[in-house]
Amino acid sequence: MKLIKFSLFVFTISMFSCANTESKKTDTNASEVITAAEIETPFDFAVWITADAKRANDDYSQEFEKYKNSGIDEVLINTNTDPALLKRLVPIATKKGLKVHAWVMAMNRPGDTVALKHPEWYAVSKEGKSCYDTRPYVNYYQWLCPTKEASRNHVLNLVEGLAKVDSIESVHLDYIRFSDIFLPIGLLPKYNLVQDSELPEYDFCYCDACISSFEKTHHKNPKESHNTSIDMEWKNFRLNAIKAVVDDAYDIVHKYNKNLTAAVFPYPEMADHMVRQRWDKWKIDEVYPMIYHGFYNEEVDWVGYATKQGVTDLEGKKTKINTGVYLPAFKSEDELKEAIQLAKVNGAKGVTFFDGPALTDAQLKAIKEMKDSLK
């Protein structure tokens, strides 16, 4: 959700919902003005925020009111999987007219006191090192294995605990993937890295459970492969391991009449390549692709390009797209407005900002102006 969200990170998606004249637009040019006549359904704005149990209710009330007055419709709240804190915040947010999503770090569980009692739950690199005591990139990368029954059930139990909270819109999965086999190109200098190939210290998971399960189906051991980067069965095994967790989470949250959403990498092929995540194949209600153009050394128009890629890959499915953007990457409020418009004309049903507390007064004003123009 946090190498990308750690450095700034973590972690995002919808069927095209505009009128016929709008749906026929195929480029990513944002020069055309969106008019109210072109809008059939609301275009929602949201923010990711991390909660602090020590903050007073009045502080949150003021924060939520600020968002609502600036055109924000929803808050995705990270409570570190604490249902009690979520229960406390939901009525404060809903009283201000905001919808609430329960944001949870899924496969990456830094500081999880339960998981840390089970070293065998953690993902293992191709080098044979466990995330329990050898963390890739940053110290808070503590990835669990999605194949082992105990570790995946732990994650699903956390999801269920949040799904039980009344009046939330969804459980919002983050870090629902493997650790980054490739970092975004814009972040490589920070780690003094060159990643021209799949490096074994960043390639997961090679634990006994994964190897054994794979061998039962494919009758070969990936550890003995000449080149695992071109072994499609081994890659698909890991894609499907994450999909299985998502699909089970979907069934759990729908049992409580909630939706399942997730923050994901920019578009499916890219997510597949970088973090073993193929979100267009998941059973999920809405995805929030983190189209953080600055991380990839791209310009603002890439927000439209990546949004369109995801919308196209989801064509014919019920899953919606909500474009996620990273605020520090914008050089001006005009660029922020352009990104919002690009997301809209390329099929997103909303835009989500990372993160709420980082929004400046000028950016909040720009968001409100865009909200008013879309009414």
Side-chain angles (χ1 to χ4, degrees), residues 3-4 106-110 112 115-156 175-185 187-188 191-249 264-265 267-282:
L3 174 55
I4 283 197
M107 300 317 304
N108 181 28
R109 299 290 309 152
D112 186 318
L116 285 170
K117 296 176 183 178
H118 301 276
E120 72 279 5
W121 286 5
Y122 288 81
V124 176
S125 72
K126 192 176 181 180
E127 282 190 324
K129 296 180 179 180
S130 170
C131 282
Y132 177 75
D133 49 24
T134 305
R135 286 81 185 258
Y137 304 112
V138 290
N139 194 48
Y140 66 79
Y141 259 26
Q142 298 178 268
W143 296 87
L144 300 182
C145 172
T147 299
K148 288 182 176 175
E149 184 176 1
S151 54
R152 72 192 309 278
N153 283 347
H154 175 60
V155 172
L156 292 171
Y175 292 102
I176 183 65
R177 57 182 179 86
F178 284 86
S179 180
D180 315 60
I181 186 70
F182 293 106
L183 288 180
I185 189 171
L187 297 181
L188 289 173
Y191 300 94
N192 195 27
L193 278 174
V194 175
Q195 292 184 324
D196 293 333
S197 60
E198 295 186 0
L199 302 176
E201 60 266 43
Y202 305 119
D203 188 8
F204 293 85
C205 174
Y206 289 77
C207 74
D208 291 343
C210 285
I211 298 300
S212 175
S213 179
F214 181 78
E215 282 188 305
K216 287 179 182 178
T217 301
H218 297 287
H219 318 296
K220 56 184 178 181
N221 187 333
K223 290 181 178 179
E224 300 169 357
S225 172
H226 174 67
N227 186 352
T228 50
S229 67
I230 59 173
D231 188 331
M232 289 300 101
E233 288 82 15
W234 177 230
K235 185 178 183 180
N236 279 331
F237 173 84
R238 290 172 290 177
L239 293 174
N240 288 333
I242 295 297
K243 172 178 164 52
V245 175
V246 175
D247 291 354
D248 284 350
V264 295
F265 269 55
Y267 54 89
E269 293 86 356
M270 193 173 199
D272 177 320
H273 174 70
M274 297 182 71
V275 295
R276 321 297 192 202
Q277 181 192 68
R278 189 71 197 214
W279 47 261
D280 57 325
K281 299 183 182 298
W282 293 351

For [X], give me all partners under side-chain hydrogen bond (donor to acceptor under 3.5 Å, both in side chains), at least two apart in sequence or on another chain.
X	result
K243	D247
E269	none
H118	E120
N240	none

Atom of A106, atom of V155 and distance for their closest heavy-atom approach: O-CG2, 3.6 Å
Pairing residues for D272 by the salt bridge (Lys or Arg N to Asp or Glu O under 4.0 Å) criterion, not counting sequence neighbours: K235, R278
Flag side-chain contact, heavy atom, 4.5 Å: [X] against [Y]:
X	Y	value
F265	R177	yes
L239	Q277	no
I181	V275	no
Q142	Y132	no
D133	Y122	no
Y141	D180	yes

Which side-chain N or O atoms in residues 218-225 pair as donor and acceptor under 3.5 Å with protein atoms at least two apart or in another chain?
| residue | atom | partner | partner atom | Å |
| --- | --- | --- | --- | --- |
| H219 | NE2 | T217 | O | 3.4 |
| K220 | NZ | E233 | OE1 | 3.3 |
| N221 | OD1 | K223 | N | 2.8 |
| S225 | OG | N227 | N | 3.2 |

With sequence neighbours excluded, residues passing side-chain contact (heavy atoms from CB on, under 4.5 Å) with A241: P146, T147
Taking atom [atom1] of [X] and atom [atom2] of [Y], what is their separation to the nearest 0.5 Å?
X	Y	atom1	atom2	result
I242	W282	CD1	CH2	7.5 Å
W121	N153	CH2	CG	8.5 Å
D112	L144	CG	CG	6.5 Å
R135	S125	CZ	OG	13.5 Å

Worked check of side-chain hydrogen bond (donor to acceptor under 3.5 Å, both in side chains) between H226 and D231: CA-CA 9 Å; H226 174 67; D231 188 331; over 6 Å; no
Flag, side chain of W143 to backbone of S130, donor-acceptor distance under 3.5 Å: no
Test side-chain contact (heavy atoms from CB on, under 4.5 Å) applied to C145 and C210, step by step: CA-CA 8 Å; C145 172; C210 285; 3.6 Å; yes
Throw together a table of side-chain donor-acceptor distances under 3.5 angstrom for residues 194-206, partners on residues two or more places apart or in other chains.
| residue | atom | partner | partner atom | Å |
| --- | --- | --- | --- | --- |
| Q195 | OE1 | L183 | N | 2.7 |
| Q195 | NE2 | Y137 | OH | 2.9 |
| E198 | OE1 | R276 | NH2 | 3.4 |
| D203 | OD1 | R238 | NH1 | 2.8 |
| D203 | OD1 | R276 | NH2 | 3.1 |
| D203 | OD2 | Y206 | OH | 2.7 |
| Y206 | OH | W234 | NE1 | 3.1 |

Sequence neighbours excluded, every pair satisfying salt bridge (charged side-chain N to carboxylate O under 4.0 Å, His left out) that has a member inside residues 137-156: R152-D248
Inter- and intrachain pairs under salt bridge (charged side-chain N to carboxylate O under 4.0 Å, His left out), touching residues 204-217, at least two apart: none
I185 atom CD1: more than 12 heavy-atom contacts under 6.0 Å: no
I176 and M107: CA distance, side-chain angles, deciding distance, side-chain contact (heavy atoms from CB on, under 4.5 Å) verdict: CA-CA 6 Å; I176 183 65; M107 300 317 304; 4.1 Å; yes
Non-neighbouring partners of Y267 that pass ring-ring contact (aromatic ring centres under 6.0 Å, His included), sequence neighbours left out: Y305
